Asks: 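Here it is: the structure, laid out below.
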Amino acid sequence: MPQVSMTVNGKPASGEVEGRTLLVEFLRENLGLTGTHVGCDTSQCGACVVHVDGQDVKACTMFAAEAEGAEVTTIEGLAEADGTLHPLQQAFQDHHGLQCGFCTPGMVMTGVALLDRNPTPSEAEIRDYLEGNICRCTGYHNIVKAIMAASGQDVSKIAAE
Amino acid sequence: MYAFDFERPTTIDAAVKALQSEEAQALGGGQTLIPTLKQRLAMPATLVSLTAIKEMQGICEDDQGRLCIGGATTHAQVAREAAGRYPALADLAANVGDPAVRNRGTIGGSLANNDPSACYPAAALASGATIVTNDREIAADDYFQGMFTTALEEGEIIIEVRFPVPQAAAYAKFEQPASRFALVGAFVARFDDGVRVAITGASEEGVFRWSVAEDALTADFSAGALEGLRLSGEGMISDLHGSGDYRAHLAGVMTRRAAAAGG
Ligand SMILES: Cc1cc2nc3c(=O)[nH]c(=O)nc-3n(C[C@H](O)[C@H](O)[C@H](O)COP(=O)(O)OP(=O)(O)OC[C@H]3O[C@@H](n4cnc5c(N)ncnc54)[C@H](O)[C@@H]3O)c2cc1C
Ligand code: FES
Ligand code: FES
């Protein structure tokens, strides 16, 4: 079986994989990083979004072997070593951006990717960027609000409280 | 998924060679092929990834002023880098699927797959693009041969797509909200010698040129010129998302919107 090596959340990670091993399987099963979720497995829901070389991708729709040599960041890599949450994680907590939490890792990783490219997105830009992330609990308002709040914007005018 | 061997060559030559082996298949961004493999609708013995081939990535301009896009260039990169030279094409790329799909999916994969609801085939056909493979150059007019069917031979890969840049152009997409593909999309492009109109998402034959609309827009490039022109629902895709008649109607509406936006 081929060997694959990458950097995951700043640490070297390697292992034996099959050609068909998905990146999300490598993360969850080989590395035990189960924060990255598999919601649909059909590339629709975004629960599995991680960053590969700074790009948000669906880890269920990429082979582990494609990440050879890459820098991968998962939800486990966002908080500080002392447990201080990433500002967007904190904003999800403060603004009730999650209910069951299943979609949350993908929502947060997608939100972080958006804020990297566009530090103060409008509500419409946030909703557009979340097109590939499905949540069946929150109705999205508080997710949008959390992302806006994390970017330092006034969220008092965002829909449902 | 069935098991397969995985190769990740770094040159076009090595990829072409690897693709000559029995039951080998190219892998672009995997945004179509991986879901297909998961459903066991494909069973390659070897997958040959094109994503590590630098010479197939990026955008440049040739001496005829055409925009040349490497076959393994992602939709996200086209959206960013074609915006100055060919805004309608960048806009199309920026609205394919969702951000994560755009960060992996490639122009070569989209054109090779030729999904009847895909966006890029409309841009390539309306622009009169040239599809450059490891072996030859194929005019868009000869390339698309019906749903999921193209002029590509077994083992042939798209290494570049060359787009003549029109004076004015626009793509109007009526999105199918569940799949994020086009329910119907229309790409209108005006060149010195006339207007080209390509419709995707509608016909059972895949992307096609709407020649009556082309003539009308060549005479008068405005939405008004299309008044009263309609396509027949005959031969249009009919499924739970829309009847053939509805798609024919939408094709008219999308073409008018594209003409209005491009004019
Ligand atoms: C949720 C979702 C939404 C989407 N929405 C849209 C949309 O709105 N509009 C749209 O147009 N598309 C959409 N797509 C499809 C997307 O654009 C795919 O990226 C594209 O169709 C296939 O490109 P790929 O690089 O991922 O190819 P792959 O999936 O890797 O390959 C597809 C096929 O092309 C072949 N192939 C790949 N690269 C080459 C090449 N260079 N030369 C020859 N053959 C090659 C493969 O062997 C395979 O048969 C969507 C996909 C998803 C998952
Ligand atoms: S699990 Fe990857 S998109 Fe749903
Ligand atoms: S919080 Fe439950 S799916 Fe989003």
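Since we're looking at a predicted model, the values are computed, not measured. By convention in this document, chain letters (A, B, ...) are assigned in the order of the sequence lines, proteins followed by strands, and residues within each chain are numbered from 1.
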Asks: Side-chain donor-acceptor contacts of residues 24-36 of chain A below 3.5 Å, not counting sequence neighbours, with atom names and distances?
Replies:
{"from": "A:Glu25", "atom 1": "OE1", "to": "A:Leu22", "atom 2": "N", "distance (Å)": "2.9"}
{"from": "A:Arg28", "atom 1": "NH1", "to": "A:Thr34", "atom 2": "O", "distance (Å)": "3.0"}
{"from": "A:Arg28", "atom 1": "NH1", "to": "A:Thr36", "atom 2": "O", "distance (Å)": "2.8"}

Asks: For chain B, find its close neighbours in residues 72-108 of chain A: heavy-atom separation under 4.5 Å, sorted by number, or none.
Replies: none
Asks: Measure distances from A:Ile134 to the heavy atoms of chain B and classify the residue's part below 4.5 Å as side chain, backbone, both or neither.
Replies: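 It is the side chain, since no backbone atom gets that close.
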Asks: Given the options A:Glu131, A:Gln55, A:Glu66, A:Met62, which has more heavy-atom pairs under 4.5 Å with chain B than any of the others?
Replies: A:Glu66
Asks: Does NZ or CZ of B:Arg40 lie under 6.0 Å from the centre of the six-membered ring of B:Tyr2, at an angle within 45° of the ring axis?
Replies: yes
Asks: Could you look at B:Leu27 and say if it's the side chain, the backbone, both or neither that has a heavy atom under 4.5 Å from chain A?
Replies: side chain
Asks: Side chain, backbone, both or neither: which part of A:Glu18 has a heavy atom under 4.5 Å from chain B?
Replies: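 The answer is the side chain of A:Glu18.
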Asks: Hey, is B:Lys173 close enough to B:Asp91 for a salt bridge, meaning N to O under 4.0 Å?
Replies: no
Asks: List in chain and number order the residues that pass ring pair (Phe, Tyr, Trp, His ring centres under 6.0 Å) with A:His51, two or more places apart in sequence or in another chain; answer none if no residue qualifies.
Replies: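 Per chain and number, A:His51 pairs via ring pair (Phe, Tyr, Trp, His ring centres under 6.0 Å) with no residue.
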Asks: Report the residues that fulfil salt bridge (Lys or Arg N to Asp or Glu O under 4.0 Å) with A:Glu16, sequence neighbours left out, ordered by chain and then residue number.
Replies: none
Asks: Walk me through it: do B:Phe4 and A:Phe63 pass the test ring-ring contact (aromatic ring centres under 6.0 Å, His included)?
Replies: CA-CA 12 Å; B:Phe4 48 78; A:Phe63 293 115; 5.5 Å; yes
Asks: Before accepting this row, confirm whether a basic side-chain N of the pair B:Glu61/B:Arg85 lies closer than 4.0 Å to the acidic partner's carboxylate O.
Replies: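 So B:Glu61 pairs with B:Arg85 through a salt bridge.
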Asks: Look at A:Arg117 together with A:Asp56 and state whether they make a salt bridge at an N to O cut-off of under 4.0 Å.
Replies: yes
Asks: Could you tell me which portion of B:Ala52 (side chain, backbone, both or neither) has an atom closer than 4.5 angstrom to a non-hydrogen atom of chain A?
Replies: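 No part of it gets close to chain A.
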Asks: Is chain B contacted by the side chain of A:Asn133, its backbone, both, or neither, given a heavy-atom distance below 4.5 Å?
Replies: neither
Asks: Below 30° counts as parallel, above 60° as perpendicular, anything between as tilted: where do the rings of B:His75 and B:Tyr120 land?
Replies: tilted
Asks: Between A:Ala65, A:Ser43, A:Pro2, A:Gly46, which residue shows the highest count of heavy-atom pairs closer than 4.5 Å to chain B?
Replies: A:Ala65
